[in-house]
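Following: one structure in structure tokens, then a few remarks.
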2 protein chains.
Amino acid sequence: MDSRSRTMKVMRPLLHPSIEEITVESILHALADPVRVAIYAGLFQSDCAKNCTSLLGGCGASIPKSTLSQHFKVLREAGLIRSERRGVEMHNTTRCAEIEARFPGLLLAILNAHKLQQERKAKTAAASRRKSNATAKGQ
Amino acid sequence: MDSRSRTMKVMRPLLHPSIEEITVESILHALADPVRVAIYAGLFQSDCAKNCTSLLGGCGASIPKSTLSQHFKVLREAGLIRSERRGVEMHNTTRCAEIEARFPGLLLAILNAHKLQQERKAKTAAASRRKSNATAKGQ
DNA sequence: TCAATAGTTCACAAGTGCGGAACTAGTGAA
DNA sequence: TTCACTAGTTCCGCACTTGTGAACTATTGA
């Protein structure tokens with residue numbers, strides 16, 4: 001028995017569920033978080049190349065890396081992404097082809113709805129910005 | 001000031017978000033629970049008539065009514081259903097037309113994925129039942 | 001007015017999630 | 001080999017969320 005084995009935190013190998021193990025519930029739960037949909041949408045667009053920190057900037061707010069690590073874990077264990085070490089950093093890819101085969105249309109519908117919501121949010125934000133600028137000038 | 005007003009629990013009117021207030025996240029969160037998708041799928045199929053207890057039987061396990069009430073509340077406040085009192089019981093209807101207009105294809109994709117998963121589950125359950133029957137006969 | 005039925009609210013236990021600190025793991029330079 | 005650096009994970013305390021029984025509201029029909 002290794003004397004370190006009790007206290008030592010060994011990094012477990014990353015878990016990826018097989019396609020049969022993936023459930024609708026876990027997919028919906030994973031994508032029910034604004035940060036995680038944003039991560040997933042980003043991954044989906046620029047497929048095949050994203051590590052955690054490159055998304056840190058893109059997601060807007062500064063998210064602690066422990067939190068980000070958790071988010072990636074949730075996405076991974078829901079079967080949405082595949083992560084593998086590439087040297088010092090992580091390489092994340094979507095498993096959208098597999099999921100599309102199992103649950104046709106699901107991911108595209110969610111991502112599309114998310115996009116629509118973002119566009120709408122951007123539009124209303126721009127409108128309220130214009131409005132507050134106008135009142136500022138007015139004063 | 002009503003003397004009862006402090007201790008008395010007044011039943012608040014049921015909250016229904018307007019269509020603009022409905023978010024993808026809240027929809028996904030609401031449907032990420034196996035009981036709630038089952039409720040929603042049941043409502044969707046036999047549209048325009050379901051009260052809480054009629055779903056109690058359909059959902060399989062015996063769910064406490066306080067829990068069921070919470071589930072309906074989550075669905076309602078996510079904008080997925082509309083509830084109104086009809087005498088002593090509750091009348092729940094889906095708001096699928098509204099949501100379809102706002103997020104096209106989302107609900108159908110989720111419900112379809114859920115159906116696929118249920119069918120698959122039923123099939124594997126039947127297969128394992130057959131198998132255990134065969135071994136029981138064998139002994 | 002009272003009993004029955006349907007559903008809600010409350011309180012609390014149990015579970016889940018966030019984020020800082022401490023860690024592992026890989027790399028490249030001295 | 002050793003050291004510093006970077007990328008990400010694990011642990012743990014604390015806050016928030018969820019499930020459930022008990023007590024309640026609301027409505028109906030006798």
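Worth saying up front: this structure is predicted, and the values here are computed from it rather than measured. Values below: every heavy atom of this structure, side chains too, minus hydrogens, waters and symmetry copies. Per chain, numbering begins at 1; letters A, B, ... match sequence-line order.
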Euclidean distance, atom [atom1] of residue [X] to atom [atom2] of [N] [Å, nearest integer]:
{"X": "B/Phe72", "N": "D/dG19", "atom1": "CZ", "atom2": "P", "result": "14 Å"}
{"X": "B/Ile63", "N": "D/dG21", "atom1": "CD1", "atom2": "P", "result": "12 Å"}
{"X": "B/Leu68", "N": "D/dA22", "atom1": "CG", "atom2": "C1'", "result": "17 Å"}
{"X": "B/Lys73", "N": "C/dT9", "atom1": "NZ", "atom2": "C1'", "result": "9 Å"}
{"X": "B/His91", "N": "C/dG7", "atom1": "NE2", "atom2": "C1'", "result": "15 Å"}
{"X": "A/Met90", "N": "D/dT9", "atom1": "CE", "atom2": "C1'", "result": "9 Å"}
{"X": "A/His29", "N": "D/dT18", "atom1": "NE2", "atom2": "C1'", "result": "12 Å"}
{"X": "B/Glu77", "N": "D/dT18", "atom1": "CD", "atom2": "P", "result": "11 Å"}

**OP:** Before accepting this row, confirm whether a basic side-chain N of the pair B/Glu98/B/Arg82 lies closer than 4.0 Å to the acidic partner's carboxylate O.
**Re:**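 B/Arg82 and B/Glu98: salt-bridged.
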**OP:** In plain terms, say whether B/Glu84 and B/Arg86 are close enough for a salt bridge, that is, a side-chain N and a carboxylate O under 4.0 Å apart.
**Re:**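 Answer for the salt bridge query: yes.
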Taking the side chain as C-beta and beyond, is there a heavy-atom pair between [X] and [Y] under 4.5 Å?
{"X": "B/Thr94", "Y": "B/Leu107", "value": "no"}
{"X": "A/Arg85", "Y": "A/Met90", "value": "yes"}
{"X": "B/Arg95", "Y": "B/Arg102", "value": "no"}

Subject >> 5' priority, DNA chain D, between B/His71 and A/Gln70 [closest heavy atom] >> reply: A/Gln70
Can you tell which of [options] lies closest to the side chain of [X]?
{"X": "A/Glu89", "options": "D/dG19, D/dC24, D/dA7", "result": "D/dA7"}
{"X": "A/Arg12", "options": "D/dA7, C/dA25, D/dC11", "result": "D/dC11"}
{"X": "B/Met11", "options": "D/dG8, C/dG17, C/dT8", "result": "C/dT8"}

Original post:
OP1 or OP2 of C/dG7 sitting under 4.0 Å from any side-chain N/O of B/Ser69?
Top reply: no
Original post:
Are any of A/Ser66's side-chain N or O atoms less than 4.0 Å away from OP1 or OP2 of D/dT9?
Top reply: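 No.
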**OP:** Output the residues of residues 78-87 of chain A in contact with DNA chain C, where contact means a heavy atom of the residue under 4.0 Å from an atom of the strand; sort by number or write none.
**Re:**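 Under 4.0 Å from DNA chain C: A/Arg85, A/Gly87.
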Can you tell me how far the [atom1] atom of [X] sits from the [atom2] atom of [Y], to the nearest 0.5 Å?
{"X": "A/Gln70", "Y": "A/Asp33", "atom1": "CD", "atom2": "CG", "value": "12.0 Å"}
{"X": "A/Leu31", "Y": "A/Ile110", "atom1": "CG", "atom2": "CD1", "value": "5.0 Å"}
{"X": "B/Tyr40", "Y": "B/Leu111", "atom1": "OH", "atom2": "CG", "value": "6.5 Å"}
{"X": "B/Ser83", "Y": "B/Phe72", "atom1": "OG", "atom2": "CZ", "value": "7.5 Å"}

Report, one pair per line, the protein and nucleotides 2-5 of chain C atoms (nitrogen or oxygen only) whose separation is under 3.5 Å.
none

